[in-house]
Every structure is written in C-alpha cells, then in structure tokens.
Q: 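One structure coming up, written as structure tokens, with questions to follow.
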Amino acid sequence: MKYKDTLNLGKTAFPMRGSLPKTEPIRQQKWYDNDLYNQRLAQNENKPHFNLHDGPPYANGNIHLGHALNKISKDIIVRYKNMAGFYAPYIPGWDTHGLPIEQQLTKAGHDRKSMPKSAWRDLAKDFALEQVDKQRNDFKRLGIMADWQNPYITLQPEFEAAQVRVFGEMAGKGYIFKGSKPVYWSWSSESALAEAEIEYHDIDSTSLYYANKVKDGHGILDDNTFLVVWTTTPFTVTASRGITLGADIDYSVIKPEGESRQFVLATGRLDAITPLFGWEKYETVATYKGKELDRITAYHPWDTDTEELVMNGDHVTLDAGTGLVHTAPGFGEDDFNVGKEYGLDAVVTVDEKGYMTKNAGPDFEGKFYDDVADTVITKLTAADLFLAKEKINHSYPFDWRTKKPIIWRAVPQWFASVEKFRENILSELDNVNFIPDWGKKRLYNMIRDRGDWVISRQRVWGVPLPIFYAEDQTPILDQKIINHVADLFETHGSNYWFEHEAKDLLPEGYTNEHSPNGKFKKEEDIMDVWFDSGSSWAGVMNTRENVDYPADLYLEGSDQYRGWFNSSLITSVAATGHAPYKNVLSQGFTLDGNGNKMSKSLGNTISPLDVADKMGIEILRLWTISVDTSQDMPVSNEILKQVSESYRKLRNTLRFLMANTADFNNKTDSIPFNDRAAHDQYFSVLLNNFVKDIRDSYDNYQFNDIFKRVINFVNVDLSAFYLDIAKDVVYVEAPTGNARRSMQTVFYETLTALTKLLLPILPHTAEEVWEYLPNEDTDYAYLSEMPEVHNLGDTSQLLQNWDVFMSMRDAVNKALEEARTAELIGKNAEAALTLYLTKEQHQLLTDLNANVRLLLMVSQLYVLNEEDATDATNYDGWLIAVKHAVGSVSPRDRMYHEDIGLDDAFPELSKHEADIVREFYPEAIQEGLE
RNA sequence: GGGCCUGUAGCUCAGUUGGUUAGAGCACUGUGUUGAUAACGCAGGGGUCACAGGUUCGAGUCCUGUCAGGCCCA
C-alpha cells in the first residue's frame with residue numbers, strides 16, 4: 001500500500017478549465033427548455049415584488065457591448081432578487097417604430113411611394129419582428145434569464161393601445177397643442193426629412209448685406225441709425241421678423257464718410273465688412289453690448305408695417321456676417337428658438353413645393369424660392385437699404401434621395417406642453433433615488449431647460465396621432481374619442497388607422513358642431529418614437545398582471561437621461577402625476593483600451609458574441625462587475641484577459657473546495673459552530689461577514705464592490721491562508737475525525753455560499769458546480785436561496801485577535817523567506833520556529849486557543865519569552881528565530897517528527913499518524929507502506 | 001459654446017470629515033513546492049496621485065485654470 005493511499009486527497013471530476021464557449025450554449029438550452037425562468041418565479045409567488053422595468057433597445061442591428069453590459073447588469077440584479085426573497089419578473093422589451101427601420105426598407109429596395117401606407121407598415125413590422133428574433137437569440141447567448149416568450153414590443157396592439165391612452169390622458173388635461181416648428185423640408189419630395197436623410201454638398205450662394213432702419217431705439221439709437229444684417233438665404237427676408245445679437249458681443253455705431261446715416265455692426269467685424277460697402281473711412285459714434293440693444297425695434301426693409309425685434313441669442317458668432325443675424329423664425333431652427341423666447345410668429349412664405357406664397361407679398365407670390373434673390377435686391381435697392389452682395393461657397397443640406405437642396409421650413413406640429421407641468425416633474429424627482437446620485441442633477445437640469453416636446457413626425461412607421469379634424473379644420477382632441485381609437489388599436493393594431501376612413505375610426509354616430517355635414521379627416525402624422533418607449537410604464541406595468549407601477553428600478557446608459565428616463569418621466573407625470581420609477585441606475589459607456597469611443601469606423605469595437613465564442617460569456621459577465629459602471633469603462637483584450645485570470649482563480653478555488661468535500665455529507669457530517677476548531681470558527685466568522693458584505697453590495701447595486709470583495713476573499717482569506725493550512729488537516733487527519741469534519745463543514749458552507757453569491761454573475765459556472773453537490777435539494781443552483789447571515793454574537797474581539805495573529809504570520813513568513821534564501825530550509829515544513837513573545841503576545845496566543853504550529857505550517861514551534869531571545873531577529877515587532885526542523889520526515893504528512901517509529905507496524909510514521917492509519921487503513925498493517 | 005461626469009502603480013479598483021514613509025488584487029520578477037499541478041504558497045520591484053497655480057502648519061483629498069477623454073445638447 002502506498003502512503004498516498006492513506007491520505008484523504010481531494011477528488012473531483014470538475015474540470016480546471018471551463019471550456020466555456022462550448023459548454024455555455026448547452027447549459028443555456030437546458031435552462032430555456034426547462035423554463036427555469038418560470039420555475040423560479042413560481043417558487044416566489046407569494047413573496048414581495050421587485051420590478052425592474054426593461055428599457056427597450058431599438059430593434060435594428062447586431063447587439064454590441066453596450067447592449068451586453070445593460071442586459072447582463074439587469075440579469076445580475078433580477079437573478080439576485082429572485083434568490084433573495086423577491087418575486088422579480090424580467091420582461092424584456094423592444095422599440096420597433098421609427099425612421100431607421102424605414103431606411104432599412106428603402107435600402108433593401110422598397111419604394112415607399114409605390115405602395116399604400118399600410119403595406120409599407122406591414123413591411124416595417126415584418127422587418128422589426130425579424131430583428132427582435134435575432135436580437136433575442138443573441139441576448140439569450142448572454143445567459144439572460146428573462147421572459148423571452150412574452151416580451152413587450154412597442155408594435156404590439158396592447159402596447160399601442162396603452163400608449164394612445166396615455167396620449168388621451170394628456171390631451172384630456174390640455175397638455176397637447178398644435179404649433180409650428182421649422183423642420184428640414186424637401187420641396188422636391190414634398191416632405192419633411194430627418195437628419196439621417198440629409199447629405200451635405202458645397203454650393204455657391206448669393207449672400208446679401210442690407211440695413212434695417214431703427215424704429216424705436218429706446219433712446220439709445222436714433223431713427224437715423226440702421227442695423228446691418230447678412231443673409232445667405234435671400235428668400236427668408238420676406239419672413240424676417242427679428243434681428244439677433246450676441247448679448248456679450250460689442251457693437252459699434254459708425255458713421256461712414258460721405259454718409260448721412262449711422263450703421264450698427266459688430267465691432268469685431270468692422271475690418272472685414274466695411275471694405276465690402278466701400279466705406280474706406282468711418283467714425284465710431286458709440287459702442288454697446290448686444291444686451292444693451294435688446295428689444296429695440298426696426299422696420300422691415302420694405303414692409304414697413306412689420307416690425308423687426310432686436311433679440312439676444314447664443315447662436316450669434318463673429319465667424320461671418322455682421323454680428324447681427326436676420327431672423328426668420330419660420331425658416332431656421334435657431335431663429336425659431338430665439339423667436340419663440342421673444343414671442344415672435346413663425347411666418348412661412350414658401351409652400352410645400354418651394355414656391356413663394358401670398359403672404360410673401362405680390363412681388364414674390366408664385367416665384368420659386370431660389371429665384372427671388374434679384375427681386376429682394378431690387379426691393380432693397382428701392383428702399384436704399386441694399387449694401388452689398390457676395391457669392392459664397394458653403395456646405396448646404398440636400399435631400400439624399402432627390403439630390404436637390406432643402407430648406408428649413410416651419411410646418412404645423414403637435415406639441416406636448418412640458419411647460420404646463422414642469423414643476424410637477426421637477427418635484428417628482430425628489431421622490432426618486434438616483435445611482436449615481438448626480439443623475440438627479442443631470443435629469444433635473446434637462447427637464448428645467450427643455451422646451452415643449454414636439455411629438456408629431458411626418459412619417460409612416462409609428463403610432464398614429466389619434467386626432468381628427470372637423471370640416472372647418474378644428475382639431476378634435478377628445479379623451480373619449482382617443483380612448484375609442486385605443487380600443488380599436490387594441491383589437492386590430494394601429495394599422496387600422498391607415499386602412500380606414502375617419503368616420504370608421506370615430507365612435508358610431510359621432511357628431512361635432514364644427515362638422516355640420518358630418519365629415520371628418522384624420523391626422524396623418526405619427527408620434528415621436530420617444531413617446532412609444534416613454535409610454536412603456538403604461539404599456540407594460542399597466543397591462544401585465546405580475547408587475548407593479550411604479551417600477552422599482554430603471555437601469556440604462558447615461559445617454560438615456562435625454563432619452564428614456566426623460567420621456568418616461570414626462571408621460572408618467574403628465575398622465576398619473578407620478579414618476580414611473582423609484583430608482584434610476586445609470587451606467588457609462590464602453591470605451592476602447594485607450595479610453596476612446598468605440599466605433600466601427602475606428603475598428604476598435606469588441607463584439608460581445610465574439611467574446612462569448614472565444615472566452616465564454618462568463619468572462620464578459622465577470623468583467624461587468626470588475627469595472628465601475630457608473631463611469632465610462634475601457635474594454636480591451638488585455639483587460640478581458642486579466643478578467644479571465646480572475647475567473648480561473650475563482651473556478652480553481654471552487655474546484656478545490658469541491659474536491660475536499662466530495663466525501664462530506666452536509667446533512668449528516670456537519671459540526672456545529674461551537675464544536676469547530678479555532679481556525680474553523682475564525683473562518684466561519686470571516687465567511688459570515690463576507691456573505692453580509694456581498695449581500696449589502698447587491699442590495700446597493702455596487703457591483704464593483706462585489707468583485708473586489710470576492711477576489712480578496714478568495715485570494716487572501718481562502719487561497720493564501722485557509723486552504724493552504726487546510727491541507728495538513730483534510731489530507732492528513734482521520735477521514736471522519738472531528739478535526740477534518742469541522743473543516744469540511746466550513747469548506748462546504750463556503751462552497752455553497754460562494755456558489756450562490758456568484759450565481760447572478762456567473763450562472764453557468766454556478767450551475768456547473770451545483771451538479772457536483774448531490775446533497776442539495778434543488779435541481780438548479782438558481783432555484784436555491786441566497787445564504788443567510790447568521791448571528792454569531794459579538795465577534796469583534798475574536799477578529800481583532802486574529803488580525804494580530806495574521807500580522808504575526810506576515811512576520812513569520814518574512815523570517816521563513818529569509819531562511820529559504822539562505823538555503824536553511826526549502827518549504828516551511830523543514831523549519832523549526834521559535835517565537836520570543838512579550839506578555840501581551842503570549843496572552844494573544846493563549847486567547848486564540850489555536851494550533852499555531854499548524855497555522856504557520858512549520859514542523860516545530862517553540863514559544864519562549866522575549867527575555868530569552870539570543871539569536872532572534874525582529875520582524876515588525878516579532879522576535880523570531882528559524883532553524884532546521886529536528887527529527888525525521890514522515891513520508892505521509894511530509895512533516896518532521898521526533899516520535900517516528902514508535903509503532904512497530906509503521907516505522908516511518910509519527911505516533912499520531914500511525915494511530916490514524918491503524919484505525920482507518922488496517923490493511924496497511926499487513927501490506928506494509930511504501 | 002452649455003449641462004453632467006472622469007483622469008491614483010502595466011491593468012482593474014480602494015483611499016473615509018484634508019493629517020505620519022499613498023493601499024488591494026491581478027500582471028511582472030525572484031523563489032519554494034510538485035498531494036489544487038496548463039495549479040498552489042512566499043517574498044520583492046513598481047506611483048512627481050493628468051498638468052499648473054492657489055487656500056492651509058499640512059492636499060490624492062478643498063478652490064481656480066489648463067490638458068485629455070466620455071454622454072447629452074447647442
């Protein structure tokens with residue numbers, strides 16, 4: 001018989017390496033086949049609810065690292081909550097309406113204008129659902145435990161209905177109104193365009209300089225003063241209603257030589273501009289800041305019944321022009337915004353085909369907008385206000401399909417009046433907890449500073465605005481009618497709107513005083529997609545039975561302060577008076593290894609599916625808790641490699657624990673806390689505190705904290721200390737003896753606690769471990785409960801004593817290392833250690849009541865008084881002497897003993913070992929040992 | 001240009017109300033084991049705390065500015 005066979009060496013088939021890319025998909029299939037998601041929920045049925053409401057990703061394109069971070073983070077939380085006493089469903093969502101999908105259809109060769117709107121929408125729907133399927137498969141590969149069978153999708157009839165009801169609620173409160181706003185307008189395709197449908201080309205344009213005579217100068221400017229403006233779009237002069245100045249820009253009033261009039265220009269532009277007008281010499285009469293001239297008025301160049309209001313705006317620069325910006329609120333976004341602030345009308349003088357309208361005046365009506373520069377010059381010259389014209393070459397937007405230039409043009413739009421309930425929103429924010437806490441400030445500022453919400457879009461693929469027009473064009477915004485439409489959508493889907501006439505969409509027999517003939521028209525615009533996803537609290541929480549409103553948690557990237565956090569808050573406060581969430585957790589963006597933005601064009605992206613295929617999704621999941629997700633996070637192969645090293649350490653540690661508890665039955669072999677050896681009690685306390693800390697970190701969503709604590713616990717407390725000393729117990733001592741069982745009890749508790757605590761993060765690995773734990777009651781680790789924190793009484797003195805011991809151990813390790821370097825010893829077992837202790841140090845060891853020799857892994861330990869130290873060295877306050885051990889080595893425990901050979905049957909074993917072998921391996925007496 | 005955020009060892013992170021020679025884990029180097037072995041232990045090297053001013057007896061920690069980077073706007 002071999003000495004080795006009388007030892008209890010660890011044994012397990014759990015592989016050191018996980019082969020994750022291969023094993024994960026198999027394991028996941030098993031979860032999904034066995035509906036583990038619903039099994040867990042069924043088990044939690046009567047527990048308090050926890051509702052993490054999923055923000056819907058847009059159903060287009062491959063999933064990227066941001067998706068993965070988001071879904072994994074949510075999965076970690078939901079899995080933890082389900083194992084920690086909550087009923088926590090996870091209903092994944094998708095955002096499916098909107099322009100990008102229409103563009104995909106165009107790209108695929110479909111022509112929107114060649115088919116009815118409803119047919120186009122059917123194509124869009126099919127495309128969106130395909131994308132949902134694809135993304136769903138990819139999300140499942142991330143190991144996400146969610147209700148994949150029953151996601152919420154914004155194109156689902158019940159979702160659309162809920163959304164329309166939210167709109168109805170807002171309409172009922174008078175929050176919806178019609179206004180107008182400039183949009184990119186393509187006269188060539190007679191439609192509004194989105195940013196993405198525009199391309200820029202350099203073109204030559206005629207720009208004009210002209211003057212506006214002051215009307216009311218507020219006593220600062222007299223009526224012989226003229227404000228000089230510049231425009232690159234002459235046709236917009238017909239709709240000019242203001243002149244914008246920079247509040248802090250300096251303006252000069254100058255009198256050119258040979259001129260009787262005075263002119264105002266930005267001081268910083270005088271040198272560049274005056275030569276154009278032939279003003280070689282001029283006299284500066286005065287200078288003012290833009291803000292001093294605020295609200296002065298001037299005359300429109302030719303329409304002298306119209307006033308031009310002087311305003312201050314941030315968009316004024318001195319890069320070009322005169323520093324005074326001719327402002328036509330109907331023909332520019334900046335113009336519109338500043339005009340709105342000052343209460344100007346957004347006048348539009350061009351029709352949808354690009355021709356000037358009647359209100360441009362008789363000289364312009366009927367002319368194409370781009371052909372009126374000469375007319376404008378003629379009119380300016382006639383009024384003696386024309387100063388110069390200049391050809392400029394600049395970048396100008398074009399319709400990407402017709403390749404014709406576009407214009408900014410105000411068109412009627414539907415708005416949600418944020419202004420009317422802004423204060424409600426802001427005060428609701430005080431009831432929301434933000435993680436990180438600056439999120440509240442960020443969202444607060446955005447809501448405070450934002451304008452009304454333009455909710456209409458001149459598109460096809462979306463939820464129609466459920467508004468009708470009476471014969472006299474009066475819009476009908478009646479909550480009852482809107483709810484009627486919602487009911488229709490709930491049954492038939494929103495395509496019903498496009499497939500039917502207004503009369504079929506209105507309640508039967510509906511009449512309205514504005515429609516004496518009973519005729520109605522329906523609105524053609526659709527809703528902004530942010531209204532879709534922003535209504536998800538209603539679309540999901542109000543339509544599904546197993547989730548509560550408001551949600552416990554919204555968790556998204558920090559871009560969603562502008563997006564979903566924002567739109568959800570607005571619709572929810574508007575409709576219900578309350579925020580849709582109690583907690584908002586935001587995460588940063590993934591960056592490359594150098595801290596730069598990831599982008600396809602830079603080629604520095606990392607695909608989560610690639611990571612899954614090459615390293616295993618567990619590595620990416622572990623990565624998500626290894627970084628501070630409240631900030632931006634760098635990711636690189638080097639970083640992932642480091643994470644995979646951590647993973648291997650975790651895996652090996654679990655493996656060691658399994659190997660050494662393989663012959664342990666927790667139900668029959670466990671040793672109660674009070675009967676455990678001192679070191680086992682100590683480690684039990686460490687484990688208990690560890691469980692508490694990790695659970696606290698989960699409860700507070702401090703993922704990074706979990707990583708740090710787990711890594712430290714596993715490396716420092718477990719691997720470097722407890723498991724290291726443990727080998728001299730679990731291998732050597734009697735297999736069923738108290739010393740070994742005591743330690744195995746702690747091993748097993750540690751193993752199961754670690755496995756459960758890691759499960760939300762490493763579900764595949766945890767389930768793999770679970771297969772090696774035959775005495776556990778549940779089929780899956782995920783169906784078990786998180787480890788409880790035990791009350792072990794006041795352990796502070798015990799921990800304090802052990803802290804001192806551990807610092808002594810550090811000192812001893814240094815002493816042993818020196819002895820090793822001096823080639824006095826090789827391994828610790830070759831050492832005989834002498835400690836010369838002070839009274840306090842003596843007392844400490846007495847209080848520990850532990851086997852210190854064992855803990856230091858030396859063969860012999862002598863404890864003497866400090867006065868007796870002659871050849872000792874002081875290591876950090878500990879007097880230590882190292883000598884080579886005496887006696888001879890036992891081939892079984894590889895320690896030096898002075899009592900070897902006392903048992904005749906085992907001449908090479910110590911007495912203690914001989915007793916063990918005699919009792920547990922009696923066959924060795926006959927066979928002998930070698 | 002504005003709102004919000006970040007910059008501590010090669011990497012990921014701690015650094016508590018400003019207070020002694022700035023910490024941890026990984027990686028690295030050396031070394032011991034070879035009964036966790038494509039593992040494990042021990043020891044060690046490594047940081048002008050982005051930069052520049054300022055407040056203070058004293059600043060990684062507070063203030064200002066600069067630089068670099070990110071999200072969202074304009």
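Naming convention: chains lettered A, B, ... in sequence-line order (proteins, then strands); numbering from 1 in each chain. Remember, predicted model here, so these are calculated numbers, not experimental data.
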Q: Provide the Watson-Crick or G-U wobble partner of B:C42, both distances under 3.5 Å; none if there is no partner.
A: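 Here B:C42 is engaged in a pair, and the nucleotide opposite it is B:G30.
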Q: Confirm from the modelled atom types if A:Ser719 and B:A36 form a donor-acceptor pair under 3.5 Å, side chain to base only.
A: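 Per atom types, the contact qualifies.
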Q: Paired with B:A68 by Watson-Crick or G-U wobble geometry, both distances under 3.5 Å: which nucleotide is it?
A: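 WC or wobble partner is B:U6.
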Q: Looking only at atom C1', what distance separates B:A9 and B:G47, rounded to whole Å?
A: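 5 Å, rounded to whole Å.
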Q: Answer with base, sugar-phosphate or nothing: what part of the nucleic acid does A:Pro436 contact at a heavy-atom distance below 4.0 Å?
A: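 Nothing, no nucleic acid heavy atom in range.
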Q: Does a side-chain N or O from A:Lys827 land closer than 4.0 Å to OP1 or OP2 of B:U31, or not?
A: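 Answer is no, no contact under 4.0 Å.
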Q: In whole Å, I'd like the distance from the CZ atom of A:Arg894 to the P atom of B:U34.
A: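 Distance, rounded to whole Å: 6 Å.
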Q: Please state the P separation for the pair B:G45 and B:G30 - nearest whole angstrom.
A: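 Here B:G45 and B:G30 have their P atoms 15 Å from each other.
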Q: Using whole Å, report how far NZ of A:Lys11 lies from C1' of B:U37.
A: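 Distance, rounded to whole Å: 18 Å.
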Q: Do any side-chain nitrogens or oxygens of A:Arg17 fall under 4.0 Å of OP1 or OP2 in B:A36?
A: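 The answer is no; no side-chain N or O of A:Arg17 sits under 4.0 Å from OP1 or OP2.
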Q: Using heavy-atom distances to pick each residue's nearest nucleotide on RNA chain B, tell me which of A:Leu591 and A:Asp810 is more 5'.
A: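 The residue mapped nearer the 5' terminus is A:Asp810.
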Q: By side-chain hydrogen bond (donor to acceptor under 3.5 Å, both in side chains), which residues pair with A:Arg853, not counting sequence neighbours?
A: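 A:Arg853 satisfies side-chain hydrogen bond (donor to acceptor under 3.5 Å, both in side chains) with no other residue.
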Q: Base, sugar-phosphate alone, or nothing: which one does A:Gly588 contact when heavy atoms must sit under 4.0 Å apart?
A: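 Counting heavy atoms under 4.0 Å across all strands, no contact is made by A:Gly588.
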Q: Does either side chain, that of A:Ser586 or that of A:Glu556, offer a donor lying less than 3.5 Å from an acceptor on the other one?
A: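 Short answer, no.
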Q: Check whether any side-chain nitrogen or oxygen of A:Ser586 sits under 4.0 Å from OP1 or OP2 of B:C71, and answer yes or no.
A: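 A:Ser586 to B:C71 OP1/OP2: no side-chain N or O under 4.0 Å.
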Q: Contact class for A:Asn704 (heavy atom, under 4.0 Å): base, sugar-phosphate, or nothing?
A: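 Contact class for A:Asn704: sugar-phosphate only.
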Q: Taking atom P in both B:G18 and B:C57, compute the distance separating them and give it to the nearest angstrom.
A: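 The same atom, P, in both gives a distance of 15 Å.
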Q: What protein N or O atoms touch nucleotides 5-9 of chain B N or O atoms at under 3.5 angstrom, if any, and at what distances?
A:
residue, atom, partner, partner atom, Å
B:C5, OP1, A:Lys441, NZ, 3.1

Q: Just name whichever nucleotide pairs with B:G1, Watson-Crick or G-U, keeping both distances under 3.5 Å, else none.
A: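 Looking at the geometry, B:G1 pairs with B:C73.
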Q: Distance check, C1' atoms only: B:C26 and B:A14, in whole angstrom units.
A: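 After rounding to an integer number of Å, I get 15 Å for this pair.
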Q: Quick one: look up who B:G47 pairs with, Watson-Crick or G-U, both distances under 3.5 Å, and put none if it's unpaired.
A: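 Partner of B:G47: none.
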Q: Across the strands shown, which category fits A:Val643 at heavy-atom distances under 4.0 angstrom: base, sugar-phosphate, nothing?
A: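 A:Val643: no heavy atom of the nucleic acid under 4.0 Å.
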Q: Roughly how far apart, to the nearest Å, are B:G70 and B:U33 at atom C1'?
A: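 Rounded to whole Å, the distance is 48 Å.
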Q: Watson-Crick or G-U wobble partner for B:A24, using a 3.5 Å limit on both distances?
A: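 Across any shown strand, B:A24 pairs with B:U12.
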Q: What's A:Arg709 touching, base or sugar-phosphate or nothing? Going by heavy atoms closer than 4.0 Å.
A: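 Nothing: the residue A:Arg709, judged by heavy atoms under 4.0 Å, touches no strand.
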Q: Under 4.0 Å between a side-chain N/O of A:Lys649 and OP1 or OP2 of B:G41, yes or no?
A: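 So the side-chain polar atoms of A:Lys649 do come within 4.0 Å of the phosphate oxygens OP1 or OP2 of B:G41, strictly under.
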Q: With rounding to the closest Å, how many angstrom separate the C1' atoms on B:C71 and B:G54?
A: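 Taking atom C1' in both B:C71 and B:G54, they lie 31 Å apart.
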Q: Just the rounded figure in Å: distance from P of B:C42 to CD1 of A:Ile880.
A: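 Those two atoms, CD1 and P, are 15 Å apart.
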Q: I want to know whether A:Tyr731 and A:Tyr3 have ring centres closer than 6.0 Å.
A: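 Ring-ring flag for A:Tyr731/A:Tyr3: false, centres at least 6.0 Å apart.
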Q: Considering just the side-chain nitrogens and oxygens of A:Arg562, establish if one lies under 4.0 Å of OP1 or OP2 belonging to B:C71.
A: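 False: A:Arg562 side-chain N/O out of range (4.0 Å or more) of B:C71 OP1/OP2.
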Q: I'd like to know if the side chain of A:Asp632 reaches the main chain of A:Phe589, judged simply by a donor and an acceptor atom lying under 3.5 Å from each other, with no hydrogens or angles considered.
A: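 Indeed, once roles are kept as given, a pair shorter than 3.5 Å links the two residues.
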Q: With a 3.5 angstrom cut-off on both distances, give the Watson-Crick or G-U wobble partner of B:U37, or none if there isn't one.
A: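 No nucleotide pairs with B:U37.
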Q: For A:Ala720 and A:Tyr3, find the nucleotide of RNA chain B closest to each by heavy atoms; which residue's nucleotide sits nearer the 5' end?
A: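 Nearest-nucleotide comparison on RNA chain B picks A:Tyr3.
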Q: What's the gap between B:U8 and B:C49 when it is taken at their P atoms, as a whole Å value?
A: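 Those two atoms are separated by 11 Å.
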Q: With sequence neighbours excluded, what pairs up with A:Phe703 under the ring pair (Phe, Tyr, Trp, His ring centres under 6.0 Å) test?
A: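 Testing A:Phe703 for ring pair (Phe, Tyr, Trp, His ring centres under 6.0 Å), a comparison that skips the adjacent residues, returns none.
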Q: Please determine if a side-chain N or O atom of A:Lys641 lies less than 4.0 Å away from the OP1 or OP2 oxygen of B:C26.
A: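 It does not, given that no N or O in the side chain of A:Lys641 lies less than 4.0 Å from OP1 or OP2 of B:C26.
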Q: Examine the side chains of A:Arg651 and A:Tyr647 and answer whether a donor and an acceptor come within less than 3.5 Å of each other.
A: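 Distance-only check passes for A:Arg651 and A:Tyr647.
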Q: Would you give the length of the straight line joining atom CZ of A:Phe707 to atom CH2 of A:Trp623, rounded to the nearest 0.5 angstrom?
A: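 Result: 12.0 Å between the selected atoms.
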Q: Would one find a side-chain N or O of A:Asn828 under 4.0 angstrom from OP1 or OP2 of B:G41?
A: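 Negative; the distance criterion is not met.
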Q: B:A68, OP1 or OP2 - any side-chain N/O from A:Asn596 closer than 4.0 Å?
A: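 Answer is no, no contact under 4.0 Å.
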Q: Please classify the nucleic acid contact of A:Lys597 as base, sugar-phosphate, or nothing, using heavy-atom distances under 4.0 Å.
A: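 It contacts sugar-phosphate atoms only.
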Q: Hey, does A:Ser646 reach any base, or is it just sugar-phosphate, or nothing, if we go heavy atoms under 4.0 Å?
A: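 No contact at all - A:Ser646 keeps every heavy atom at 4.0 Å or more from the nucleic acid.
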Q: One thing to verify: whether A:Glu817 and A:Arg820 come together as a salt bridge, which I'm taking to mean a side-chain N less than 4.0 angstrom from a carboxylate O.
A: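 Counted as a salt bridge, because a side-chain N and a carboxylate O are separated by less than 4.0 Å.
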Q: Is it the case that the ring center of A:Tyr682 lies less than 6.0 angstrom away from the ring center of A:Tyr722?
A: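 Ring centroids of A:Tyr722 and A:Tyr682 are no less than 6.0 Å from each other.
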Q: Rounding to the closest angstrom, what is the interatomic distance between B:G25 and B:G15 at atom C1'?
A: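 Here B:G25 and B:G15 have their C1' atoms 15 Å from each other.
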Q: Can you check whether A:Lys727 has a side-chain N or O nearer than 4.0 Å to OP1 or OP2 of B:C40?
A: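 No, outside the criterion.
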Q: Look at the side-chain N and O atoms of A:Tyr444 and state whether any lies under 4.0 Å from the OP1 or OP2 oxygen of B:C4.
A: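 No, because none of the side-chain N or O atoms of A:Tyr444 sits under 4.0 Å from OP1 or OP2 of B:C4.
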Q: Without swapping roles, check the side chain of A:Arg892 against the backbone of A:Glu913 for a donor-acceptor pair under 3.5 Å.
A: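 No, because the side chain of A:Arg892 does not come within donor-acceptor range (under 3.5 Å) of the backbone of A:Glu913.
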Q: Once you apply the 3.5 Å cut-off to both distances, tell me the Watson-Crick or G-U wobble partner of B:G19, or none.
A: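 By the stated definition (distances under 3.5 Å), B:C57 pairs with B:G19.
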